[in-house]
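Every chain is numbered from 1 and lettered A, B, ... according to where its sequence line falls, protein lines coming before strand lines.
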Amino acid sequence: MSTPQTTVRPSGVAVSRAAVMAVMVLFAAYSVLPVWWLVVTATKNKGYLFTTNGFWFSHFDLWSNIRDVFAMDDGIFARWMLNSVVYSAVGAAISTLVCAAAGFALAKYQFRGREAVFNTVLAAVLVPGALFALPLYLMFSKIHLVNTYWAVLIPSVVSPFGVYLTRVYATASVPDELLEAGRVDGASEARIFFTIVLRMMSPALVTVYLFQFVGIWNNYLLPVLMLADDRLQPVTVGLATWREQFNNGTPYNVTITGAFLSVLPLVVAFLSLQRFWRSGLAAGGLK
Amino acid sequence: MTITTVRSGTVVARGERPAARRRRLSRGRTRSAWLFLAPFWVLFLATFIAPICYAVEQSLFALHRDGLGLTAPTTRFVALDNYVRAVQDSEFLSSLVRVVGLGVVQVPLMLGLSLLLALLLDSASVRWPGVFRTLFFLPYALPGVIAAIMWSYLYQPGISPLAKAAGQLGHDVDFTAPAMTLPDIGNMVTWGWTGYNMLIIFAALKAVPAELFEAAALDGCSGWRIAWHIKIPNVRGALILTTVFSIIGMVQLYAEPDILRGITNTITSDYTPILAAQKASDAGNYQYAAAQSVVLALLTLVLSFTFLKFTQRKGAGE
C-alpha cells in the first residue's frame, strides 16, 4: 500500500521534503539544545560557567560537581531525591489502585448516582487542583497536617483523570460474562476485582501509574505551600530554594549539576516507556 | 481494607421469587459498587470539593480589628466585600489581564506549531519520524520547575549562552529587560508543552481512517489540501482538548515567574493570580486569598466553557 503523498507531482516533492526536514531539524534543535546545555554545564566548574562556550565541554569537572551537590547543606540533596521518590512512587501506587477500583465501579455496576459521580469527576478534570491548593493548605493547617509527608501524599492520590481513563478502559476490555462467571463460581466481588479485573486492566494501570508518578514528581505549588521543613521537601522545591539562594551561598555549578542529576532518572524512564505515554495521550485526546 | 469483606449476592435462597432475588442482588451490587468507589470518593471530597467549599465560605468573612488594636482580631461576616475588593484591586486585575493576555498570544502560537509538527510527522516526507517524535517530547520529561531553573540560567546575563551568541553576531540581548519578561515566560511554556500537545494531536491523526486520505489522493488532492480539508477537521477534538488544557495551564501560571524573580526585578510578588493569592495569604489575609482563588477558578471555568461553547456552535454549523 503506497502512501498518498508519494503520488503527488515528483518535481515539487524534493523541495518540499527538504523544507519539511528543515522544520523538523530546527524544532528538534530548539527542544534539545537547552537540555544539552544543562548536560554540558553540569560538567563545568563554576569559574568556567562565565568564560566558556555554553554548548561545548571544557575542563571536565562532573565528578567534583557531583561531590559538591551531595556535600552541600550536610548532604540534603540525597534526602530530597529520596523524598521525591517516596512521594511519587507511593503516591502513584495508591492512586492507581484507588482509581482502578473507582473506574471499575463506574464502568461495571449499575447504581443510582453513577452518572452524577462520573460527571463530577469529569468536571474536576477541568478544574486544576492548583487553584485550590491554597485553601487546601489552610484546611490542612487547621487539622495540623501541614509540614508532614501526608500533606503532600494525600492530595496526590486523587486523580480524576485516572478514574476517567480506568473507567473507559474497563468498559471496553472487561467483559460482563467474565464477572458473571466469577460470581457463579462463588467468588466475592472483591476477589473478582483483585484477581481478574486488575490483571485485565493492567495496560491502563501502567499508564495511570506513569502519569501520576510524573505528575507528583513535577508538582511544585503543593509542596511549596505544605512543607516548611526542608528535610521533607521534594527535589524540585529544594533546587528552587538553591536557585534563589545563589547570592548567599549556593554556587551555580551545584544547582545546575543538581538539576541535571534530578532529571536523569525521569528522562531515562520517559524514553524507555514511551509507548505507554503514547497510549495514555491517545486515550486522553480521543474524546 | 474493607472491600475484602464484601460478599457476593449470588447464593440463591431456597424458594425465593426471581424478582425478589434480582432486587436483593442489585442491592448487594450497589453496595459493592460504592465500596469500590469509596476510597476515591472520600479523598476526592476531602481534597477537591472541600477546599472549594472552604474557600467560598472563607471568602465571605474578613478579619476585623477594633479601633485601638488592643484585642485579638475577630472574623466577621462581610458578604461579598472581598469580591468587591478583588474586582477593584488594580494589582490583582492586572495579574489576571497579564496571564489572559499571555495566553491569547502564546496558546495559538504553541498549538499552531504543535499541529504543524504533527501534520509533518504524519506526512510521508519525514525521515526518522520516531527519532523526531522522541526529541520533541524530551522537554516534557523535565519537571516545569527544573525547566524554569534551566531557562533562568539561559537568560541570566553573564551566563546566558544565547546572549553570548547574539553578542557575537552584533546584537545585545538582555533577557532580564522589562520588555522581555513576558516573551521569556511564553518561551518557557512553549518549550515545555509544544511536544506534548503535538503527541496528543498526532495520536488523533493516527486514528483517522486511512481510506479517507487515499480516496482524496486518488481524486488528485495535494498533501496540503488533504491536511486542511480532511486531517485538521478530523483532529478537532484533540485541538479543542489541548486548547482548553493550555488555557487552564496559563491561568495557573506559577513556577516560571516564581523562578525568574531570582534574576530579574521586573516580576512583582503578585505577578500572576496565584502569586497574588499567595501574597495575600502570606500577609495573613486568608479570606481575601480565598476570594481571589474563587475568582480565578470562576475565570478558568468561564474561559474553558466559552471556548467549548464557541467551538461546538461552529461545529454544529458545518
Heavy-atom proximity to chain B below 4.5 Å, by part of Val117(A): both
Is it the case that the side chains of Ser152(B) and Arg243(A) hold a donor-acceptor pair, with the cut-off being a distance below 3.5 Å and no angle test? yes
Once you measure the plane-to-plane angle for Tyr109(A) and Phe36(B), does it fall in the parallel (<30°), tilted (30-60°) or perpendicular (>60°) bin? tilted
Go through the side-chain N and O atoms of Tyr140(B) and Asn218(A) and say whether any donor and acceptor fall under 3.5 Å apart. no
Rounded at 0.5 Å granularity, tell me how far CZ in Phe48(B) sits from OG1 in Thr120(A). 11.0 Å
Arg112(A) versus chain B, the contacting section by heavy-atom distance below 4.5 Å: backbone
Part of Tyr30(A) lying under 4.5 Å from any heavy atom of chain B: both
Identify which of Asn219(A), Val235(A), Ile192(A), Thr236(A) forms the greatest number of heavy-atom pairs closer than 4.5 Å to chain B. Thr236(A)
Portion of Thr41(A) that has a non-hydrogen atom of chain B nearer than 4.5 angstrom: neither
Quick one: of Val263(A), Leu136(A), Leu266(A), who has the most non-hydrogen atom pairs under 4.5 Å with chain B? Leu136(A)
Examine distances only and state if a side-chain atom of Trp191(B) and a backbone atom of Ser31(A) form a donor-acceptor pair shorter than 3.5 Å. yes
Part of Met21(A) lying under 4.5 Å from any heavy atom of chain B: side chain
Determine the interplanar angle of the Phe27(A) and Phe136(B) rings, folded into 0 to 90°, and report it as parallel if under 30°, tilted if 30 to 60°, perpendicular if over 60°. perpendicular
Which pair of non-hydrogen atoms, one from Glu189(A) and one from Ser32(B), has the smallest distance, and what is that distance? CG-OG, 3.4 Å
Does the side chain of Leu134(A) reach to within under 4.5 Å of the side chain of Ile274(B), using non-hydrogen atoms? no
By a 4.5 Å heavy-atom criterion (distance strictly below it), what part of Leu221(A) contacts chain B: side chain, backbone, both, or neither? both
Looking at chain B, which one of Val267(A), Leu38(A), Leu138(A), Val32(A) has the largest number of heavy-atom pairs inside 4.5 Å, strictly under? Leu138(A)
Please flag which part of Leu225(A) lies under 4.5 Å from any non-hydrogen atom of chain B: side chain, backbone, both or neither. side chain
